[in-house]
Amino acid sequence: MRKFQRKIEDFKCDNCELYIKGNGYTNHCPECFYSKHVDVNPGDRASNCGGLMKAVDYGEERGGEYLVHQCLKCKRQKRNKISKRDDYNNLLNLVKKLNEERV
Ligand SMILES: [Zn+2]
Ligand SMILES: [Zn+2]
């Protein structure tokens, strides 16, 4: 039987050490937007990589805005939807930085 797994767990950001209260959806830090490589499929926590994932790109699609995270360990890339509780000013700064790096 396959079920969507929604685990509510608190975690600490490996990059900026912010303590994040889990809501079962967010897997990235709302302050610095780093994530951790723990999933193979969203929410399954089946990856044993555990590498730090950095936001390397940003985009928009029908469902809303997303960040592209790249694992610093295995280089895998993953899209993550931007969550409502992500810090909007920090997000704007990040997008600005990404755009500057792209030039
Ligand atoms: Zn952080
Ligand atoms: Zn990885």
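Just so you know, ligand 1 is whichever comes first in the structure, and atom 1 is the first atom listed for that ligand. Position 1 is the first residue of the sequence, and the numbers go up from there. Computation of the quantities below employed the complete heavy-atom set of this structure, encompassing side-chain atoms and omitting hydrogens, waters and symmetry-equivalent molecules.
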Would you find a donor on one side and an acceptor on the other, under 3.5 Å apart, between the side chain of [X] and the backbone of [Y]?
X     : Y     : answer
Asn90 : Asp87 : no
Lys73 : Cys49 : yes
Asp86 : Ser83 : yes

key: Atom of Cys71, atom of His37 and distance for their closest heavy-atom approach   = SG-ND1, 3.6 Å
inquiry  = Just by distance, no angles: are the side chains of Asn80 and His69 close enough, under 3.5 Å, to form a donor-acceptor pair?
reply    = yes
2.8 Å cut-off (strict), protein N, O or S atoms about the Zn ion (ligand 1) = 4
ask   = How long is the span from the CD atom in Gln70 to the NZ atom in Lys75, to the nearest 0.5 Å?
value =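 If I round to the nearest 0.5 Å, the distance is 5.5 Å.
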message = Which residues end up grouped with Leu67 if you chain together Ile, Leu, Val, Met, Phe, Trp and Tyr wherever their side-chain heavy atoms are less than 4.5 Å apart?
response =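 Leu67 shares its hydrophobic cluster with Phe33, Tyr58, Ile82, Tyr88, Leu91, Leu92, Leu94, Val95, Leu98.
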key: ILVMFWY clustering at 4.5 Å (side-chain atoms), partners of Tyr34   = Leu52, Leu72
query = Checking side-chain contact (heavy atoms from CB on, under 4.5 Å) for the pair Asp39/Lys78: CA distance, chi angles, key distance, verdict?
reply = CA-CA 10 Å; Asp39 294 343; Lys78 220 175 79 183; 4.0 Å; yes
ask   = By residue and atom, what protein N/O/S atoms are less than 2.8 Å from the Zn ion (ligand 2)?
value = His37 ND1, Cys49 SG, Cys71 SG, Cys74 SG
